[in-house]
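Some notes on the structure that comes next.
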Amino acid sequence: MEAVNKENVLILAIESSCDETAASVVKNGREVLSNVISSQIDLHKLYGGVVPEIASRKHIEKINQVIQEALDTAETTLDEIDAVGVTYGPGLVGALLVGVAEAKAIAYAKGLPLVGVHHIEGHISANYIENRDLEPPFLCLVVSGGHTHLVCVRDYGKYEVIGRTRDDAAGEAFDKVARAIGLGYPGGPKIDKLSREGNPDAISFPHAHIEGAPYDFSFSGVKSAVLNYINGCRMKDIEYHTADIAASFQKAVTDVLVDNAMRAAGEYRFSKLAIAGGVASNSALRAAMKKACKERDIEFYYPSPILCTDNAAMIGAAAYYEYLAGTRHGWDLNAVPNLKLGER
Ligand code: KG4
Ligand code: ZN
C-alpha cells in the first residue's frame with residue numbers, strides 16, 4: 001500500500017445505487033468542492049416507484065457528463081485526483097454496476113487507487129461534512145428509502161448495527177402511505193409538508209416494539225393500519241382528513257425512531273447522536289430528535305437535506321477515511337446488491 005503523506009487528498013466519488021446519478025470532488029474527507037446530482041425522479045414517478053431497468057439506462061446516459069461537471073465545478077482535472085471512491089452496494093445491481101464500471105475505468109486509466117464504499121457508510125459520513133468537529137464514537141440512525149439501521153459508529157470504518165427494520169424501511173412506509181392518500185412519489189417530502197396542516201394526535205396508529213429486540217423496527221403494521229383506516233372510512237362513507245392521517249402516521253413513525261435511538265444512546269452511553277438518509281430530512285423527526293437529545297444532554301448532528309438524499313459527496317467523505325485506513329479494491333470489484341455494513 002502506498003503511504004498517504006500528502007497535505008491535501010482529493011477524492012473523486014461516484015454514486016449510482018438507486019435513481020440518482022451523482023459525482024463529487026471532496027478534499028480531505030470534509031470539504032466538498034463539487035456535488036453534482038442528476039435525479040431521475042421525474043422519470044420514475046410516472047410508475048409510482050423506481051424501475052430498475054430504467055435507472056440503469058439513465059445512469060449510463062448521464063454518468064460521464066455528471067463526472068465532468070463535478071471536475072469542472074471543483075476546478076480540477078483527473079490528473080489532480082488522488083483516488084476514486086464508488087458505492088458498490090447495497091442497491092440495485094444494474095444501477096450499481098454503472099458506477100462501479102465507470103470508477104474502475106477511470107482508476108485504471110489514470111493509475112489511481114480504487115476505494116469501494118458501502119452506501120450506508122456514505123450516508124453516515126454525510127455528517128462529517130458540515131460538522132467538522134464530529135468524530136467517532138457516536139450513535140447513528142440511518143433512515144432511507146431502503147434502510148432503517150441503528151448503528152454504533154465505533155471508529156472511522158468500524159460499525160456495529162444494533163437495530164434494523166424487520167420489514168419496510170421508514171422511507172418505504174412514507175412512500176406507501178403517501179400513495180394511499182393520493183400524494184404520489186416520492187411520498188416522504190409530501191407527507192412532511194401536508195402534516196404541517198394536520199393534527200398528529202387525531203388518530204392513534206400503532207407503535208411497534210419487537211419482543212427481545214429492543215432496537216429493531218417494524219413499519220408494516222402502521223402502514224396497514226393507515227390503509228385499514230382509509231378503507232374503513234370509505235366503506236362507512238365517513239369523510240377523512242388526509243392532513244390528519246399524514247400527521248398521525250408521521251408521529252407514529254418518528255415516535256418509534258426517537259424512542260429506540262434514545263434507549264440505545266442511554267444503554268450504550270453515547271454522548272453524540274447523528275441521523276442520516278433521506279428520511280433524516282423530515283422536519284418532525286429532526287424536531288423530536290433535537291428535543292429528546294437536548295433533554296438528555298446528547299449532542300445532536302444532522303446533515304442538510306441535500307446531503308441526506310443520495311449524493312456522491314457523502315461517498316467521498318467515507319472513501320477518504322477508508323483510503324486513509326488502507327482500503328484498496330482490485331479490478332475485480334463487483335456490485336454487491338446486498339452488501340452488509342462492515343463487510344469487505
Ligand atoms: O436516502 P435516500 O435518498 O435514498 C435511499 O437510499 O433510499 O432516501 C429516499 C427516501 C424516500 O423514501 C423518501 O420518501 C424519503 O427518503 N424522504 C423523506 C423526506 N425526504 C425524503 N421521508 C420523510 N420526510 C422527508 N422530508
Ligand atoms: Zn441512500
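Each ligand, and each atom within it, is numbered from 1 in the order the structure gives.
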For this session: Could you tell me which atoms of ligand 1, counted from 1 in the order shown, lie closer than 4.0 angstrom to a heavy atom of His123?
Result: 1 (O), 6 (O)

Exercise. For ligand 1, which atoms sit closer than 4.0 Å to a heavy atom of Thr309?
Worked result: 3 (O)

Problem set entry | For atom 24 (N) of ligand 1, closest protein heavy-atom neighbour | Asn282 ND2, 2.9 Å

Problem set entry | Contact partition for Cys308 relative to ligand 1, non-hydrogen atoms under 4.0 Å | backbone

Exercise. Among protein heavy atoms, which sits nearest to atom 18 (C) of ligand 1, and what does the distance come to when rounded to 0.1 Å?
Worked result: Gly188 CA, 3.5 Å

Problem set entry | Of all pairs that satisfy salt bridge (charged side-chain N to carboxylate O under 4.0 Å, His left out), the ones with a partner from residues 134-161, not counting sequence neighbours | Arg154-Glu160

Problem set entry | Parallel, tilted or perpendicular: rings of His119 and His147 (30°, 60°) | tilted

Problem set entry | Residue Tyr302 excluded, over 12 heavy atoms near OH under 6.0 Å | no

Exercise. Any donor-acceptor pair under 3.5 Å linking the side chain of Lys27 with the backbone of Leu33?
Worked result: no

Exercise. For the residue pair Tyr159 and His118, is the inter-centroid distance of their aromatic rings smaller than 6.0 Å?
Worked result: no

For this session: For atom 20 (N) of ligand 1, grab the closest protein heavy atom and report residue, atom and distance to one decimal in Å.
Result: Gly278 O, 3.4 Å

Exercise. Hey, is Glu20 touching ligand 1 through its side chain, its backbone, both or neither, going by heavy atoms under 4.0 Å?
Worked result: neither

Exercise. Between Phe219 and Phe174, does the ring centre distance come in under 6.0 Å?
Worked result: no

Exercise. Which of the atoms of ligand 1 are close to Gly146, meaning less than 4.0 Å from one of its heavy atoms?
Worked result: 7 (O)

Exercise. Short N/O distance, under 3.5 Å, between His119 and ligand 1?
Worked result: yes

Exercise. Can you name the closest pair of heavy atoms from Gly29 and Ile129 and give their distance?
Worked result: O-CG1, 4.4 Å

Exercise. Do you know the tightest heavy-atom contact between Glu15 and Thr87?
Worked result: OE1-OG1, 2.6 Å

For this session: Give a yes or no on whether the backbone of Val151 and the side-chain of Arg164 come within a donor-acceptor separation of less than 3.5 Å.
Result: no

Exercise. To which protein heavy atom is atom 2 (P) of ligand 1 closest, and what is the distance rounded to 0.1 Å?
Worked result: Asp310 OD1, 3.6 Å

Problem set entry | Contact with ligand 1 for Cys18, non-hydrogen, under 4.0 angstrom | no

For this session: Could you pull out the closest heavy-atom pair between Ala208 and Val256, with the gap in Å?
Result: O-CG1, 3.9 Å

Exercise. Any donor-acceptor pair under 3.5 Å linking the side chain of Asn8 with the backbone of Asn28?
Worked result: no

Exercise. Under 2.8 Å from the Zn ion (ligand 2), which protein atoms of type N, O or S occur, listed by chain and number?
Worked result: His119 NE2, His123 NE2, Asp310 OD1

Problem set entry | Proximity of Asp192 to ligand 1 by residue part, where a heavy atom lies under 4.0 Å | side chain

Problem set entry | Close approach, Gln250 and ligand 1, non-hydrogen under 4.0 angstrom | no

Exercise. With no hydrogens and no angle check, is any side-chain donor or acceptor of Arg296 less than 3.5 Å from a backbone partner on Met262?
Worked result: no

For this session: Could you tell me the residue and atom name of the protein heavy atom closest to atom 15 (C) of ligand 1, and the distance to it rounded to 0.1 Å?
Result: Val279 CG2, 3.9 Å

Problem set entry | Nearest-neighbour protein heavy atom for atom 9 (C) of ligand 1, which is reported as residue plus atom name and distance | Gly145 N, 3.7 Å

Exercise. Counting N and O atoms only, with roles assigned by atom type, does the side chain of His59 sit under 3.5 Å from a partner on the main chain of Val98, one being a donor and the other an acceptor?
Worked result: no

For this session: Could you tell me whether the side chain of Arg166 and the main chain of Asp216 form a donor-acceptor pair under 3.5 Å?
Result: no

Seminar exercise, completed: Note: ligand 1 atoms sitting under 4.0 Å from heavy atoms of Gly171 are 12 (O)

Exercise. At a 4.0 Å threshold, what atoms of ligand 1 neighbour a non-hydrogen atom of Ser144?
Worked result: 1 (O), 5 (C), 6 (O), 7 (O), 8 (O)

For this session: Indicate if Ile230 and Phe205 have the same hydrophobic cluster label, given that clusters are the connected sets of ILVMFWY residues with side-chain heavy-atom separations under 4.5 angstrom.
Result: yes

Exercise. Counting only heavy atoms, which portion of Asp175 has something under 4.0 Å from ligand 1: side chain, backbone, both, or neither?
Worked result: side chain

